[in-house]
Q: 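This is the structure I want to talk about, given as structure tokens.
In what follows, chains carry the letters A, B, and so on, assigned in the order in which the sequence lines appear, proteins first and then strands, with residues in each chain numbered from 1.
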Protein chains: 2
Amino acid sequence: MYTEWAERFRVLGDATRLRILSLLSVRDACVCELVELLPITQPAVSQHLRKLKLAGLVDEYRVKSWRFYRLQADMPPYIGSWIQELKVGDSDIVWLKTHQVGATCTINKSARVNSTDDEVGMLDETDDHR
Amino acid sequence: MYTEWAERFRVLGDATRLRILSLLSVRDACVCELVELLPITQPAVSQHLRKLKLAGLVDEYRVKSWRFYRLQADMPPYIGSWIQELKVGDSDIVWLKTHQVGATCTINKSARVNSTDDEVGMLDETDDHR
DNA sequence: ATGGTATATAAGCATATAGTGATATACTTA
DNA sequence: TAAGTATATCACTATATGCTTATATACCAT
């Protein structure tokens with residue numbers, strides 16, 4: 001029983017993962033968006049997401065070729081309120097609210113700065129979740 | 001800030017420390033009592049207590065030559081109420097309620113570097129490792 | 001298929017962590 | 001004062017963790 005909670009806390013005990021959770025509390029995001037927001041590489045982001053998922057804190061759904069992550073609907077007790085206690089950075093909020101979902105990816109290019117009016121339409125989620 | 005909460009969670013992310021917190025939720029205890037209850041050595045217990053103290057989860061007071069630890073009165077938000085939910089093992093409760101404070105110590109009974117004499121049954125048969 | 005994009009996994013490295021035994025420090029008492 | 005007890009700290013080791021680069025897999029469009 002201690003081990004179960006210890007495991008949970010161990011997953012929460014990393015500033016990057018807490019930031020990911022706080023970002024997801026603003027809106028769902030795909031991996032490449034998180035990569036843009038975080039100062040670490042894509043594999044590192046993936047590995048954090050896997051741990052968060054195994055801990056039951058986030059789950060995942062697919063849209064086109066993206067994998068979106070979101071806060072798990074039914075969190076373990078208390079954890080939901082802890083996450084709300086995290087205050088999200090203003091610039092993170094602005095970024096998430098102003099970027100059209102899917103418009104920012106192509107992660108290895110610093111290009112793509114122009115053509116800002118070439119937008120991706122609203123999501124039509126492929127299938128299965130929820 | 002993420003780092004601050006991450007640090008807090010990291011301290012909670014260890015089953016031994018959670019057990020210590022649950023023990024202290026029954027009653028204050030001195031280090032040597034915790035040593036009796038936990039399957040680790042006294043230095044390990046001391047080190048856990050130091051981390052718990054630095055994280056603001058426990059504090060310490062002195063009685064005679066003992067250092068008693070107790071749950072910090074004013075916990076970081078949410079954590080206090082969460083600890084209440086931690087279920088303490090029955091045998092731990094019994095032990096803490098039935099042992100007179102300070103009556104159980106003298107921890108290094110079998111570890112004395114005392115010269116020779118009777119080492120008694122410590123070294124028994126050697127057939128338990130194969 | 002072919003190529004491109006998005007994400008996951010693998011392998012390796014550097015650092016952090018929890019444990020140990022040895023030792024130092026602090027307090028108590030004869 | 002000396003001796004004993006309680007606790008902390010030191011030095012070390014084994015393992016875990018987070019990061020990176022390289023590579024594999026999955027999906028999408030041509």
Q: Return no unless some side-chain N or O of B:Tyr69 is found under 4.0 Å from OP1 or OP2 of D:dA6.
A: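 No, because none of the side-chain N or O atoms of B:Tyr69 sits under 4.0 Å from OP1 or OP2 of D:dA6.
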Q: For nucleotides 18-24 of chain C, read 5' to 3', which letter fits each nucleotide if B means a protein heavy atom sits under 4.0 Å from the base, S means only the sugar-phosphate is that close, and - means neither?
A: SBBBB--
Q: Select from B:Ser65 and B:Arg50 the residue whose nearest nucleotide in DNA chain D is closer to the 5' end of that strand.
A: B:Ser65
Q: Could you check how far NZ of A:Lys64 sits from P of C:dA6, rounded to whole Å?
A: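 The answer, rounded to whole Å, is 11 Å.
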Q: Which atom pair, heavy atoms only, marks the closest approach of B:Tyr2 to A:Ala15?
A: CB-O, 3.9 Å
Q: With a 3.5 Å cut-off and sequence neighbours excluded, list the donor-acceptor pairs that the side chains of residues 83-92 of chain B form with protein atoms.
A:
residue : atom : partner : partner atom : Å
B:Glu85 : OE2  : A:Tyr78 : OH           : 3.3
B:Asp92 : OD1  : B:Arg19 : NH2          : 2.9
B:Asp92 : OD2  : B:Arg19 : NE           : 2.9
B:Asp92 : OD2  : B:Arg19 : NH2          : 3.3

Q: Take the protein atom CD of A:Glu33 and the nucleotide atom C1' of C:dT7, then report the distance between them rounded to whole Å.
A: 14 Å
Q: Just by distance, do the side chain of A:Arg27 and the backbone of A:Leu96 share a donor-acceptor pair under 3.5 Å?
A: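 The answer is yes, because a donor-acceptor pair under 3.5 Å joins these two groups.
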Q: For A:Arg8, what residues pass the salt bridge (charged side-chain N to carboxylate O under 4.0 Å, His left out) criterion, not counting sequence neighbours?
A: A:Glu4
Q: Between A:Leu49 (CG) and C:dA6 (C1'), how many Å, whole number?
A: 13 Å
Q: I need the CD-C1' distance between B:Glu7 and D:dG18, as an integer number of Å.
A: 16 Å
Q: Partners of B:Arg67 by salt bridge (charged side-chain N to carboxylate O under 4.0 Å, His left out), sequence neighbours excluded?
A: B:Glu60
Q: In whole angstrom, what separates A:Arg62's CZ from D:dT25's C1'?
A: 11 Å
Q: With sequence neighbours left out, what residues match A:Phe9 under ring-ring contact (aromatic ring centres under 6.0 Å, His included)?
A: A:Trp5, A:Trp82, B:Phe9, B:Trp82
Q: Using the test salt bridge (charged side-chain N to carboxylate O under 4.0 Å, His left out), find all partners of A:Arg50 that sit at least two apart in sequence or belong to another chain.
A: none
Q: Mind calculating the distance between CZ (B:Arg67) and C1' (C:dA26) to the nearest angstrom?
A: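 Taking atom C1' of C:dA26 as the reference, CZ of B:Arg67 is at 7 Å.
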Q: Nearest whole Å is fine: how far is D:dG18 C1' from A:Leu54 CG?
A: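 Value for this atom pair: 16 Å.
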Q: Starting at atom CD of B:Glu60, determine the distance to atom P of D:dA6, rounded to an integer number of angstrom.
A: 16 Å
Q: To the side chain of B:Val31, which of C:dA8, C:dT28, D:dT7 is closest?
A: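 Ranking C:dA8, C:dT28, D:dT7 by closest atom to the B:Val31 side chain puts D:dT7 first.
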